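What you see is a predicted model, and the numbers here were worked out from it, not measured in a lab.
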Amino acid sequence: MSDDGRASEGGEEEVRGARRIPGPRGAVDDLDLESVPRPLLPPPGPAAPDEAVPEQSAAEPPGPATPERAGPEPSGPEDAGPEGPGPEDPGPEDAGPEQADPEDAGPAQAGPEQLAPHPFAPHPATPDQATPEPLMTSAPGTGLSHRVLQALLGAWALSACSAEETAAVEDHLTECAPCADEALRLRDAVGLLHTDGSLDLDPTLRSRVMDGCLGRRPARIPVPEHAAPYDAETARLDALLRDIGDSEWHAPVRLRWFEEEREVSRRTTVAGVIGHLTAVDGLLSAALGLDDPLGRGETPQDPIERTERYWSAAQRPPTRTVREPWRAQSHELIRTASFAGRNVAEASVSYGAFALPLQDALLDRAFECWVHGGDIADAVDYPYQAPAAAHLHRMIDLAARLLPAAVAGRRRAGLAGPAKELVTAGAPGRSVHLEIEGHGGGDWFIALDSPAALGSPERTVAQVALDGVEFCRLAAGHISPVEAAAGQEGDREAIRDVLFATASLSRL
């Protein structure tokens with residue numbers, strides 16, 4: 001150091017040649033150019049012939065050349081001119097990047113007041129140039145900058161902004177395409193946070209995906225139309241079972257159905273319900289020549305007896321191990337029915353007290369799979385929707401076709417009113433108009449006096465209206481006939497006979 005406080009010439013050269021560590025620099029997106037002071041530069045002028053002009057890198061925008069100061073740099077006010085440093089003659093601490101000595105190899109330490117200008121930042125205006133518009137301006141009439149409005153997008157998507165902020169953000173979205181795209185993404189994400197909607201997949205999604213795939217490349221052996229509802233409902237129930245934990249397999253489930261005119265129930269577990277489905281599905285396996293889950297030998301045909309035998313054969317309370325055998329059995333049933341096609345559609349499946357063709361038995365199993373899937377979902381607090389409309393319509397149609405025989409059976413047991421008008425087989429008879437509304441709905445005419453009679457709109461004596469899902473819940477024994485009908489008109493006795501006959505279709 002010399003006496004006047006300045007570094008010696010040799011020491012200054014040593015300091016200039018040393019490498020310096022640049023300070024932290026903010027990201028371009030986070031930089032508010034309005035808040036960064038622009039560096040003060042000397043007025044533009046021609047460079048002296050003997051003055052060296054520092055080379056500019058390709059990334060740096062061209063700027064006015066700054067003449068190099070001769071001699072050592074002043075260290076204080078006493079070294080400045082008579083008037084001291086002026087606005088056009090900054091001191092060493094205020095010198096911008098363009099005023100650095102070209103012999104200085106390392107970049108200067110960037111402080112709050114020494115940030116290098118961004119390559120796309122506006123340059124200082126010259127006498128021949130107009131001042132360019134800033135990149136980030138305030139929204140018109142709000143005083144809020146682009147950066148502030150961008151930060152408010154999350155609160156706007158959550159409807160947490162004030163009225164003034166909401167208006168400012170929405171005005172800004174009409175002018176800024178990037179913010180508008182971000183706002184749409186945030187609003188879609190907020191929709192996933194609503195807990196009042198079901199998290200379960202759309203029940204028609206699987207059918208739509210399969211239809212799209214088969215439309216591009218048809219299956220060599222397609223699933224028959226009468227087996228499609230059973231295929232869809234077993235897949236939906238299997239998806240539910242995959243999501244539940246080990247402890248939930250022991251969650252209590254109460255199975256309900258009607259016997260005569262009273263509701264009965266049976267308590268079991270989630271695993272017990274799957275065991276029940278496995279046992280009753282075995283009736284179809286036996287009809288198709290497949291292995292019966294109850295084993296070989298004499299096996300009961302009644303669904304209740306089969307279920308009791310299956311449950312009693314278990315050495316311990318069933319767990320999730322029952323899922324794999326049930327799913328393998330359902331796959332085998334669908335595969336066999338697909339290979340056999342229409343050849344086995346009319347094959348008889350005995351349920352003990354009655355029998356159904358295989359195509360109707362598959363619909364019956366799809367219906368029970370959906371109903372018991374809902375029982376399991378209620379037990380483990382899981383969202384579970386109704387089947388696809390086309391599948392639900394076929395299930396309702398099956399129940400409607402079974403109602404004339406159910407009314408006749410209750411009449412033989414003394415539980416229904418006497419026949420009032422007998423007709424020959426196939427002739428129109430007294431009928432009840434069953435109007436099913438909503439999901440899977442339609443119109444059916446139920447013959448009252450004989451299963452061989454034909455339901456007819458001209459012989460209608462009563463009309464009853466129900467929602468499609470409510471009608472299925474009545475047929476499953478989950479609601480009472482008294483509270484089922486949404487609308488009734490006509491012969492009250494006929495309406496009562498049809499509603500109670502619908503409930504009598506239910507069983508374990």
Looking at [atom1] of [X] and [atom2] of [Y], how far apart are the two atoms once the value is rounded to the nearest 0.5 Å?
| X | Y | atom1 | atom2 | value |
| --- | --- | --- | --- | --- |
| Trp156 | Glu170 | CH2 | CD | 6.0 Å |
| Glu248 | Asp246 | CD | CG | 9.5 Å |
| His331 | Thr336 | NE2 | OG1 | 12.0 Å |
| Thr278 | Arg323 | OG1 | CZ | 11.5 Å |
| Ile446 | Asp497 | CD1 | CG | 12.5 Å |
| Leu237 | Glu368 | CG | CD | 11.0 Å |

So does [X] pair up with [Y], basic N to acidic O under 4.0 Å?
| X | Y | answer |
| --- | --- | --- |
| Arg306 | Asp292 | yes |
| Arg185 | Asp181 | no |
| Glu493 | Arg496 | no |

Of the non-hydrogen atoms in [X] and [Y], which two are nearest, and what is the gap between them?
| X | Y | value |
| --- | --- | --- |
| Gly455 | Ala447 | N-CB, 4.1 Å |
| Ala235 | Arg327 | CA-NH2, 3.6 Å |
| Cys179 | Leu153 | O-CD1, 3.8 Å |
| Pro303 | Leu508 | CB-O, 4.2 Å |
| Gly441 | His393 | O-ND1, 3.1 Å |
| Gly468 | Ile436 | CA-CG2, 3.3 Å |

For [X], I'd like to know if atom [atom1] has over 12 heavy atoms of other residues, nucleotides or ligands within 6.0 Å.
| X | atom1 | result |
| --- | --- | --- |
| Glu489 | CD | no |
| Phe354 | CZ | yes |
| Glu225 | CD | no |
| Asp291 | CG | no |
| Asp381 | CG | no |

>> When you measure from the centre of the six-membered ring of Trp257, is the NZ or CZ of Arg266 closer than 6.0 Å and no more than 45° off the axis?
In response: no
> Does the side chain to side chain contact (heavy atoms under 4.5 Å, CB included) test come out yes or no for Tyr384 and Leu240, once each step is laid out?
Replying inline: CA-CA 8 Å; Tyr384 208 70; Leu240 184 156; 3.5 Å; yes
Using only atom types and a distance under 3.5 Å, with no angle test, would you say the side chain of [X] pairs donor to acceptor with the backbone of [Y]?
| X | Y | result |
| --- | --- | --- |
| Thr234 | Asp231 | yes |
| Arg309 | Ala279 | no |
| Arg320 | Ile244 | yes |
| Thr460 | Ala462 | no |
| Trp311 | Gly272 | yes |
| Ser162 | Glu165 | yes |
| Arg473 | Ile479 | no |
| Ser431 | Gly429 | yes |

Does some side-chain heavy atom of [Y] sit less than 4.5 Å from a side-chain heavy atom of [X]?
| X | Y | value |
| --- | --- | --- |
| Pro317 | Thr269 | no |
| His172 | Leu152 | no |
| Val432 | Asp491 | no |
| Pro387 | Phe367 | no |
| Trp370 | Arg236 | yes |
| Met395 | Glu233 | yes |
| Val423 | Leu454 | no |
| Val371 | His478 | yes |

> What residues form a side-chain hydrogen bond (donor to acceptor under 3.5 Å, both in side chains) with Arg296, not counting sequence neighbours?
Replying inline: none
>> Applying side-chain hydrogen bond (donor to acceptor under 3.5 Å, both in side chains), can you list everything that pairs with Glu346, at least two apart in sequence or on another chain?
In response: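 Scan of Glu346 (side-chain hydrogen bond (donor to acceptor under 3.5 Å, both in side chains), adjacent residues dropped) gives Gln359.
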>> Is there a side chain to side chain contact (heavy atoms under 4.5 Å, CB included) between Leu358 and Leu288? Walk through the geometry before answering.
In response: CA-CA 9 Å; Leu358 179 65; Leu288 292 174; 3.6 Å; yes
> Are Trp326 and Asp281 close enough, and set up right, to give a side chain to side chain contact (heavy atoms under 4.5 Å, CB included), and what steps lead you there?
Replying inline: CA-CA 9 Å; Trp326 166 77; Asp281 283 352; 3.8 Å; yes
> Can you list every pair that meets ring-ring contact (aromatic ring centres under 6.0 Å, His included) and has a residue in residues 206-253, with sequence neighbours left out?
Replying inline: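 Residue pairs passing ring-ring contact (aromatic ring centres under 6.0 Å, His included), neighbours aside: none found.
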>> Show me the pairs that pass ring-ring contact (aromatic ring centres under 6.0 Å, His included) and involve residues 489-508, at least two apart or across chains.
In response: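 Residue pairs with at least one partner in residues 489-508: there are none.
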> Do any pairs count as a side chain to side chain donor-acceptor pair (under 3.5 Å) and have a residue in residues 498-508, sequence neighbours left out, and if so which ones?
Replying inline: Asp364-Arg507
>> Under a plain distance cut-off of 3.5 Å, with no hydrogens placed, do Ser338 and Arg335 share a side-chain donor-acceptor pair?
In response: no
>> Run Asp449 and Lys420 through salt bridge (charged side-chain N to carboxylate O under 4.0 Å, His left out) and show every step you take.
In response: CA-CA 7 Å; Asp449 297 324; Lys420 297 183 179 179; over 6 Å; no
>> Before you tell me yes or no, could you show the steps for Arg365 and Leu333 under side chain to side chain contact (heavy atoms under 4.5 Å, CB included), namely the whole-Å CA-CA distance, both residues' side-chain angles and the distance that decides it to 0.1 Å?
In response: CA-CA 11 Å; Arg365 302 313 303 142; Leu333 283 172; over 6 Å; no
Residues 400-412, side-chain donor-acceptor partners within the protein, below 3.5 Å, at least two apart:
residue : atom : partner : partner atom : Å
Arg401  : NE   : Asp397  : OD2          : 2.9
Arg401  : NH1  : Asp360  : OD2          : 3.2
Arg401  : NH2  : Asp360  : OD1          : 3.1
Arg410  : NH1  : Glu260  : O            : 3.3
Arg410  : NH2  : Glu261  : OE2          : 3.1
Arg410  : NH2  : Leu415  : O            : 3.1
Arg411  : NE   : Gly417  : O            : 2.7
Arg411  : NH1  : Leu448  : O            : 3.4
Arg411  : NH2  : Leu448  : O            : 2.9

